[in-house]
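The structure appears below as C-alpha cells.
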Amino acid sequence: MSDVIKLLPDHIANQIAAGEVIQRPASVVKEMVENAIDASATKVQVIIKDAGKTLIQIIDNGSGMTENDAVMSFERHATSKVRKAEDLFALTTKGFRGEALASIAAIAHVVLKTRKEDTETGISIEIEGSKIKKKEACVCPVGTSFEVKNLFYNVPARRNFLKSDNVEFNHIIDEFERIALAHPDITFSLHHNDNEIYSLHSAVLRKRIVDILGRNSNDKLVPIEESTDIVKITGYVGKPEFAKKTRGEQFLFVNNRFFKDSFFSHSLSKAFDGLIQPKMFPSFFLYLDIDPKKIDVNVHPTKTEIKFEEDKLIYSIILSSVRQALGKYNIAPTLDFNRETSFDIPYDMHSKPAVEPTIHVNKNYNPFQSSPSKTGNSFTTAIKAEGFGSNNASPKDWQNFYKVEEEVQLQEPIELDLEVDNLATKNFLIRGKYILTNCKSGILVIDCQRATERIIYDELINKFISNPINSQKLLFPLEREFSSNEKNEWISNQVMLERLGFFGEFQELNLLLSAIPSVLQEENIHDCINLILESIAYQEIGKGEIAHVIVQSIASASGKRKTTLQNNESAEALVEQLFQCPEHSFTPRGKKIIQTLTIEEIALKF
Ligand code: ADP
Ligand code: MG
C-alpha cells in the first residue's frame with residue numbers, strides 16, 4: 001500500500017492560515033496599518049474602494065524595505081520582529097507572527113512598492129495567489145505602499161460571505177479608529193471612494209479623541225492619570241452626565257494596542273456606580289502601560305484578547321483611579337489641550353508599592369450576561385440545540401423547546417399545587433400591579449408586569465415561526481443614534497428584525513425607525529432597542545439565539561407598559577392568558593411571576 005500523507009503546498013497552507021488572520025477587508029487594514037506603525041511611520045494613508053472589496057491601499061513613510069526583505073516579507077513565518085522565543089515575552093511591536101503578508105498574498109492581488117532612505121530607486125513587486133508575477137526597480141518615495149486588490153478572488157466562499165459595503169466599511173472605520181486612538185502622535189487619513197472620511201493630524205491624546213468623536217466632546221472628558229509599579233494608567237473617561245445608552249464609546253488599550261476585556265470594562269462601570277442611571281454606559285479611553293513580560297498577547301491570532309498576569313490588581317487600580325478622578329472633576333476647570341497632564345491627583349499609590357486593595361472580585365462575573373436566571377446555561381444550550389433563528393424552524397421545534405425549557409426549570413421544583421381553585425375563583429387586583437387569586441394550597445400573588453412579559457413572549461415566538469409578526473407604522477420616524485458596531489450588528493440581523501416588526505433605514509449612524517412591533521408602545525421603544533443591542537452587539541450570541549433575545553427584549557419592554565390594569569375583568573383575562581402559557585411561573589429571563597402564600601403560612605400569621 002502506498003503512503004497517503006503529503007505536506008500541503010505553501011499556497012494552500014497560506015490560504016488556510018489566511019482564514020484565521022484575514023476575515024474581512026477590515027482585517028487587511030488592521031494588519032497593514034500596524035505594519036506601517038512597526039516600521040516607524042509618522043504618516044499613514046488608507047485608501048479604500050468599495051469597502052475594500054476592490055482596493056485597499058496603505059501608504060506609509062516608514063523605514064521601507066530592501067529588495068530581499070521585500071521578497072521575504074511574503075513568506076510565511078517571515079518576520080523582522082521576533083528572533084528568539086524569549087522575544088515573544090517582551091513584545092514592543094504590533095506584529096510578530098509573520099503571517100499577515102503571506103496570508104494576504106495568498107488570497108488577493110498585491111502590489112508592493114517600497115524604498116529605503118539610502119537608495120535612489122525602490123522595488124516594485126506584484127504577487128498573486130502567493131506567486132511573484134513581476135519584480136522590477138521603480139521610482140517611489142521612501143516608505144512603503146501596499147495595494148491589495150480583489151480580496152478573496154480565489155476563495156469564492158469567503159468573498160460571498162462578505163456583508164454589504166456599508167457593513168464592511170463600518171468594520172474598517174472601527175479598526176481605523178482603534179489604531180488612530182492608540183497612536184495620536186501619528187498622522188492618519190482615510191479615504192473611501194474618493195471621499196475623505198478622516199484626516200487626523202499628529203496631536204496630543206485629548207485632541208485626537210475630540211477629532212474622532214466630534215467637537216463638543218471636549219467638555220465631556222475627565223483625565224485619568226495613575227502610576228503604580230504594576231501599571232501606568234492614562235486616558236479619559238466621559239463625565240457621568242454624558243453616559244451613553246450603549247457601549248459604543250468604550251476603548252481599552254494596553255501598550256498602545258486596542259484590546260477587549262469584559263473584566264476591566266466592568267471595573268470602569270463599577271467606578272461609575274451611583275453616578276449614572278442603570279443601563280447607561282460610561283465612555284472611556286483608557287491606556288494601560290505595563291511591562292510586556294506581564295501580558296500575553298499571543299492568545300488569539302488577531303491579538304484583541306490579552307491575558308494579564310495581575311488582572312485582579314489592575315482591576316482595582318482602574319477602579320480607584322477612575323473614582324478619584326471623578327471625585328475631582330466637579331471642582332476642576334475644563335482643561336485645555338496643552339495642560340492636560342497637569343491634573344494632579346493626590347493618591348497614595350503613586351510612590352508606595354502597590355498593595356492589593358480590598359475589593360472582592362468575582363473573576364467569573366460576566367457583566368455582559370443578563371441577570372442570572374435559574375434557567376442558566378442549559379437553557380441556552382437547549383435553545384441553541386433547537387436551532388432557533390434559522391428561517392426554517394417549524395412549530396414542532398417550539399413544542400420541543402417548551403419541553404426542554406420546562407424540564408430545565410423544574411430542576412428546582414415548585415411543589416405547591418398551583419391549580420387555580422375554580423369554585424372560589426375571584427381575582428383581586430391590587431393597585432393595578434398585582435393580582436391575588438385562590439389556589440388549592442393557598443393564595444397566589446401574580447406580578448402583572450412579569451405575567452404580561454411572559455404572555456407577549458409566548459405569543460410572539462409562536463406567531464413568528466409561521467408569519468411575520470404585526471407591525472405598526474409610526475406617524476413620525478423615530479430617530480436613534482448607533483455606534484458603527486451596533487449599526488453593523490443591526491444590519492446583519494435585519495431580516496430577523498423585520499420579521500419581528502422593526503422597519504427602518506440608516507442615515508449615517510442614525511436609525512430612522514418607521515415601524516415597530518404592534519405590541520410595543522412608543523415610550524418603550526428606546527428601552528427595547530437598548531435591550532436588543534445589549535444582546536446582539538455586546539454579547540456572544542449563537543445564531544440560534546437571535547430570535548429568542550429579540551423577542552425577549554420586545555416582551556420585556558412591552559411588559560413595562562404604563563397602563564396598569566383597570567378592573568377585575570382585565571385581571572381575570574390576564575390570569576387566564578397566563579395559565580395558557582406552557583411555562584407560567586417564570587418570565588423568559590427567569591424571573592418569578594408567581595409567589596405563593598400557603599394556608600400554613602397564612603395560619604402562622606395569626
Ligand atoms: P509581522 O508583522 O508579524 O512581522 P507581516 O507578515 O505583517 O508579519 O510582515 C512581515 C515583515 O514584513 C515584517 O516583519 C516587516 O519586516 C516587513 N514589513 C511589512 N510591512 C512593512 C512596512 N509597511 N514597512 C516596512 N516593513 C514592512
Ligand atoms: Mg504584521
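Hydrogens, waters and symmetry mates are skipped; everything else that's a heavy atom, side chains included, is used. Numbering of ligands and ligand atoms starts at 1, following listing order.
For Thr144, every heavy-atom contact with ligand 1 shorter than 4.0 Å involves the side chain, none the backbone. In Asp60, the part holding a heavy atom less than 4.0 Å from any atom of ligand 1 is the side chain.
More than 12 heavy atoms of other residues, nucleotides or ligands sit less than 6.0 Å from atom CD of Glu196. Within 6.0 Å of atom CE in Met280, more than 12 heavy atoms from other residues, nucleotides or ligands are found, so the atom counts as buried in its surroundings. Within 6.0 Å of the NZ atom in Lys116, the count of heavy atoms belonging to other residues, nucleotides or ligands exceeds 12. The number of heavy-atom neighbours closer than 6.0 Å to CG of Leu8, taken from other residues, nucleotides and ligands shown, is above 12.
What sits closest to atom 10 (C) of ligand 1 on the protein, heavy atoms only, is Ala78 O, 3.4 Å. Closest to atom 2 (O) of ligand 1 among all protein heavy atoms lies Lys81 NZ, 2.7 Å. Considering only non-hydrogen protein atoms, atom 4 (O) of ligand 1 sits nearest to Thr79 OG1, 2.6 Å. From the protein, the heavy atom lying nearest to atom 16 (O) of ligand 1 is Ser80 OG, 2.6 Å. Nearest non-hydrogen protein atom to atom 6 (O) of ligand 1 is Leu101 N, 2.9 Å.
For a threshold of 3.5 Å applied to N or O pairs, the pair formed by Ala102 and ligand 1 contains no separation below that value. Residue contacts with ligand 1: Asn35 is placed with a nitrogen or oxygen under 3.5 Å of a nitrogen or oxygen of the ligand (distance criterion only). By the 3.5 Å distance cut-off applied to N or O atoms, Asp38 is not counted among the residues near ligand 1.
Partners of Phe272 under the ring pair (Phe, Tyr, Trp, His ring centres under 6.0 Å) rule, at least two apart in sequence or in another chain, do not exist in this structure.
Note: Phe259 and Phe251 fail the aromatic proximity criterion, with ring centroids not under 6.0 Å apart. Annotation: Phe308 is not in aromatic contact with Phe263 [ring centroid separation under 6.0 Å not met].
In this model, no donor atom of one side chain and acceptor atom of the other lie less than 3.5 Å apart for Glu128 and Tyr153. Looking only at atom types and distance, the side chain of Arg206 has a donor-acceptor partner in the side chain of Asn218 under 3.5 Å away.
With ligand atoms numbered from 1 in the order given, ligand 1 contributes 6 (O), 7 (O) to contacts under 4.0 Å with heavy atoms of Ala100. Taking a cut-off of under 4.0 Å to the non-hydrogen atoms of Ser73, the atoms of ligand 1 that pass are 10 (C), 12 (O). Those atoms of ligand 1 that come under 4.0 Å of a heavy atom in Ala39, given as number and element, are 24 (N), 25 (C). For ligand 1, the atoms sitting less than 4.0 Å from at least one non-hydrogen atom of Phe146 are 20 (N), numbered in the order shown with element in parentheses.
Protein N/O/S atoms closer than 2.8 Å to the Mg ion (ligand 2), listed by chain and residue number, are Asn35 OD1.
For the pair Val297/Arg257, a side-chain contact is recorded, criterion being any heavy-atom separation below 4.5 Å from C-beta on.
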Requested in this report: Could you go through the salt bridge (charged side-chain N to carboxylate O under 4.0 Å, His left out) check for Glu168 and Arg24 one step at a time?
Outcome: CA-CA 7 Å; Glu168 293 300 338; Arg24 48 178 15 122; 2.9 Å; yes
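At least one heavy atom of Met65 sits closer than 4.0 Å to an atom of ligand 1. Within the 4.0 Å heavy-atom cutoff, Gly98 counts among the residues contacting ligand 1.
Here Glu249 pairs with Lys244 in a salt bridge; the nearest charged N to carboxylate O distance falls below 4.0 Å.
Between Phe169 and His192, the angle of the ring planes stays under 30°, which puts this pair in the parallel group of the 30/60° scheme. The aromatic rings of Phe176 and Tyr198 lie parallel to each other, with less than 30° between the two planes, well short of the 60° mark.
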